[in-house]
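These notes are about the structure you will find just below.
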Amino acid sequence: MSAEQKRADPKSITPQSEDFDRWYVDTVLRAELADYAPVRGCMVIRPYGFALWENVQRALDDMIKRTGHSNMYFPMFIPESFFAKEADHVEGFAPEVAWVTHGGGRELEERLAIRPTSETIICTLYRDWIHSWRDLPVKINQWANMCRWEKRTRLFLRTTEFLWQEGHTFHATDEEAGGEVSEMLGCYRELAEEWLAIPVIPGRKTESEKFAGARYTESIEAMMADGWALQSGTSHHLAQNFTRAYDITYSDRANTLQHPFQTSWGLSTRIIGGVIMVHGDDRGLVLPPRVAPVQVVVVPIVRSNDPEGTALVEDAVRRIQAEAGSSVRLRVDDREGMRPGEKYAEWELRGVPLRIVVGAKDLAGGQVTLVRRLDGEQRTTPLDGLAAQLPGLLEETQHALRARAQQRLEERSVDVASLDELVAAFAERPVFASGPFCNDPACEVRIKAAVHALTVRVLRADRSADGAPCLACGKPADHVALFARAY
RNA sequence: CGGGAAGUAGCUCAGCCAGGUUAGAGUGCACGGUUCGGGACCGUGAGGUCGCGAGUUCGAAUCUCGCCUUCCCGACCA
């Protein structure tokens with residue numbers, strides 16, 4: 001089938017190789033993860049997409065609790081005067097803030113920002129709640145919606161309103177805050193790698209890429225199937241920048257007034273876009289079992305003119321359901337009047353990791369057919385003991401997905417020692433290039449100019465340059481930077 | 001926010017250039033039947049303020065202007 005014909009077929013999605021961006025949009029819409037809302041740049045997260053987000057949320061929320069944080073909730077409206085105290089922060093967010101100017105039919109005396117992030121209102125409140133070294137550390141988190149008026153939006157990756165969690169902590173010492181920053185980045189890494197099967201590269205942002213108001217920002221960077229990078233979680237060391245600006249003080253053990261050290265860290269619905277773009281294929285989504293809303297779909301093959309066979313099939317399906325119990329998230333697709341092939345295609349589009357096909361033919365030999373979404377691998381297997389194997393099969397898929405993503409990351413990563421090598425690395429296709437970098441903003445500008453749409457993703461936490469010459473200026477470099485095109 | 005493309009049924013689109021019966025197709029949807037192990041087939045039926053608003057005209061999906069939304073490419077940014 002030619003590309004032209006495929007486009008005319010409303011049931012098909014654009015192949016990745018033809019147009020990756022269009023494939024992404026087709027997949028999100030057709031798999032019913034989300035749809036466009038009537039307001040520019042906004043999206044509706046549909047039940048299937050939200051179920052996926054809830055599973056991500058649950059995993060991360062457990063980690064947040066495990067590391068000693070409590071959830072709470074701040075309002076979404078932030079008075080302009082609260083917002084304006086930290087200069088870098090205001091300047092950094094000013095162009096993206098939406099303002100409420102009217103309420104109750106009248107113009108407000110003071111404009112209200114719709115939060116683009118909550119440092120300012122949290123600091124304002126904690127000024128009253130932190131007084132003593134005994135009040136520290138403060139380790140809180142909130143799950144909330146945010147608003148950033150972006151000029152160019154993309155489903156999940158960058159929308160005007162989005163959902164995330166933002167953690168905010170206050171500590172007595174600089175070192176303790178630094179430990180918090182890396183501990184939470186570690187949680188994000190664990191979420192990405194263990195739950196979403198997405199290998200990531202952790203590191204520190206350059207000055208130009210860091211959070212407005214932070215001393216430094218760390219992030220995890222993931223490679224999408226097209227070789228582009230996605231910043232998938234960020235953690236900021238705010239030092240005393242906000243606690244000074246918002247005048248948060250406490251008495252230490254020696255009864256001297258101190259400003260606490262602060263951190264903040266966030267992970268958003270954007271990560272859903274990452275899951276889609278890392279694992280998906282031309283049939284649609286491929287979801288990691290640990291977060292898939294439906295882990296196993298059972299498709300019974302029944303014929304209206306074969307009541308005997310139908311009864312056998314229905315018995316077998318009931319047995320699978322009963323034996324699987326709550327050990328896996330299993331759905332039986334017993335919709336009438338829909339042919340099996342149609343059901344297969346639909347659940348493949350939706351990325352369900354395992355499919356069990358139950359038909360009279362296989363059942364005659366006490367078997368059913370098992371199909372893996374990951375690679376389409378198909379085999380018959382005894383009905384006896386099948387349900388007990390499902391959790392193990394799902395774990396296998398989870399690991400295979402992770403390994404596949406890891407392999408792609410390695411295949412499309414290169415080390416470069418000069419600007420020429422950097423340019424050559426991107427000549428054919430987008431890659432992750434790593435090379436020695438002195439972290440001078442002027443060098444960053446030169447490097448970005450060398451390759452179209454290139455950015456410095458992070459100064460890698462896992463690599464050291466050992467004084468090798470910076471690939472832009474040749475001076476001894478402390479860092480190995482990751483260079484890539486980014487969403 | 002600049003450049004380009006697009007918006008007609010849930011979806012993919014034709015019709016527009018050269019304005020004129022009741023606006024079409026495929027797919028999807030509902031019902032009936034035959035089917036049923038990879039997106040079946042036959043029949044019947046429902047479904048559209050032609051993105052929104054002005055204007056030109058006896059008459060606008062079609063021409064003009066403005067606006068909105070989406071997609072692509074930039075600039076900007078999570």
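Since the model is a prediction, treat every value here as computed from it, not as a measurement. Naming convention: chains lettered A, B, ... in sequence-line order (proteins, then strands); numbering from 1 in each chain. These values consider heavy atoms only, across backbone and side chains, with no hydrogens, waters or symmetry-generated copies.
Judged by distance alone with a 3.5 Å cut-off, a donor-acceptor contact links the side chain of A/Arg148 to the base of B/A78. Under 3.5 Å, the side chain of A/Glu342 and the base of B/G28 form no donor-acceptor pair of N or O atoms. Interface remark: the A/Arg355 side chain does form a donor-acceptor pair with the B/G38 base, using a distance-only criterion of under 3.5 Å. In terms of polar N and O atoms assigned as donor or acceptor, the side chain of A/Arg40 never comes within less than 3.5 Å of the base of B/U70 in a complementary pairing. Within 3.5 Å, a donor on the side chain of A/Thr369 pairs with an acceptor on the base of B/G37, or the reverse.
Across all strands shown, B/U34 forms a Watson-Crick or G-U wobble pair, both distances under 3.5 Å, with B/A40. Across the strands present, B/U64 finds its partner in B/A54; the criterion is a Watson-Crick or G-U wobble pair with both atom distances under 3.5 angstrom. As the counterpart of B/U12, B/A25 is assigned, both hydrogen-bonding distances of the Watson-Crick or G-U wobble pattern falling under 3.5 Å. Base pairing of B/U49 is not made with any nucleotide, judged by Watson-Crick or G-U wobble geometry with both donor-acceptor distances under 3.5 Å. Under the Watson-Crick or G-U wobble criterion, with both distances below 3.5 Å, B/C71 is paired with B/G4. With a cut-off of 3.5 Å on both pairing distances, B/A18 has no Watson-Crick or G-U wobble partner at all.
Among the protein residues, A/Asn305 comes within range of the nucleic acid bases, having at least one heavy atom under 4.0 Å from a base atom. Using a 4.0 Å heavy-atom criterion, one finds that A/Gly376 contacts no nucleic acid atom at all. When heavy atoms are screened at a 4.0 angstrom cut-off, A/Tyr36 is found touching the sugar-phosphate backbone but no base atom. Within 4.0 Å of A/Asp306, counting heavy atoms only, lies no atom of the nucleic acid at all. Within the nucleic acid shown, A/Ala360 comes within 4.0 Å of at least one base atom, counting heavy atoms only. When heavy atoms are screened at a 4.0 angstrom cut-off, A/Val299 is found touching no nucleic acid atom at all. Contact annotation for A/Leu29: no contact, since no heavy-atom pair falls under 4.0 Å across all strands. As judged by a 4.0 angstrom heavy-atom cut-off over every strand, A/Arg283 is placed among the base-contacting residues. Among the atoms of the strands shown, base atoms are found under 4.0 Å from some heavy atom of A/Thr159.
One C1' atom belongs to B/C52, the other to B/C68, and the distance between them is 7 Å to the nearest Å. With both ends at atom P, the span from B/G51 to B/G7 equals 8 Å, rounded to whole Å. B/A25 sits 33 Å from B/C65 when the P atoms are compared, rounded to a whole Å. With C1' as the reference atom, B/G43 and B/C17 are 40 Å apart, rounded to whole Å. B/U56 and B/C71: their C1' atoms are spaced 32 Å apart (whole Å). B/C11 and B/U35 are spaced 26 Å apart, taking the C1' atom of each and rounding to whole Å. A distance of about 14 Å separates the C1' atoms of B/C16 and B/U64, rounded to the whole Å. Across the P atoms, B/C29 and B/A14 are found 23 Å apart, a figure rounded to whole Å.
Residue A/Leu155 contributes atom CG, which lies 15 Å from atom P of B/U69 at whole-angstrom precision. Atom pair A/Asp35:CG and B/C71:P shows a separation of 11 Å (rounding to whole Å applied). As a whole-Å value, the separation of A/Asp282 CG from B/G39 P is 19 Å. The distance from atom CH2 of A/Trp265 to atom C1' of B/A78 is 17 Å, rounded to the nearest whole Å. Distance A/Arg22 CZ to B/U70 C1': 12 Å, rounded to the nearest Å. Taking atom CD1 on A/Ile301 and atom C1' on B/G38, their separation rounds to 9 Å, with Å as the unit. When rounded to the nearest whole Å, the span between CD of A/Glu336 and P of B/G33 equals 12 Å. Between the P atom of B/C77 and the CD atom of A/Glu161 lies a distance of 23 Å, rounded to the nearest Å.
In this structure, a donor-acceptor pair under 3.5 Å is absent between the side chains of A/Gln231 and A/Ser219. With no hydrogens or angles considered, a side-chain donor-acceptor pair links A/Glu444 and A/Thr206 at under 3.5 Å. In the model, A/Tyr246 has no side-chain atom that pairs as donor or acceptor with a side-chain atom of A/Asn241 under 3.5 Å. A/Gln16 and A/Asp282 share no side-chain donor-acceptor pair at under 3.5 Å.
With B/A78, B/G39, B/G37 as the candidates, the nucleotide lying closest to the side chain of A/Ala345 is B/G39. Taking every side-chain heavy atom of A/Glu348 into account, B/G38 is the closest of B/G38, B/U35, B/A78. The side chain of A/Glu150 lies closest to B/C77, out of B/G38, B/C77, B/A75. Side-chain proximity of A/Arg158 to the nucleotides B/U35, B/G39, B/C77 is greatest for B/C77.
Note that the CG atom of A/Leu230 and the CD1 atom of A/Ile198 stand 8.0 Å from one another [nearest 0.5 Å].
Taking the ring axis of A/Tyr344 as reference, the NZ or CZ atom of A/Arg355 stays within 45° of it and closer than 6.0 Å to the ring centre. A cation-pi contact, defined as under 6.0 Å to the ring centre and within 45° of the axis, is absent between A/Arg270 and A/Phe156. Relative to the ring axis of A/Trp164, A/Arg148 places its NZ or CZ within 45° and under 6.0 Å from the centre.
Of the two residues contacting RNA chain B, namely A/Arg152 and A/Phe162, the nearest-nucleotide position lying further toward the 5' end is that of A/Arg152. Nearer to the 5' terminus of RNA chain B, by closest-nucleotide assignment, is the contact made by A/Met338 (compared with the other of A/Met338 and A/His452).
A close approach under 4.0 Å does not occur between any side-chain nitrogen or oxygen of A/Arg339 and OP1 or OP2 of B/C41. Distances shorter than 4.0 Å separate some side-chain N or O of A/Lys11 from OP1 or OP2 on B/G28.
Salt bridge status for A/Glu221 with A/Lys205: present, with a side-chain N to carboxylate O gap under 4.0 Å.
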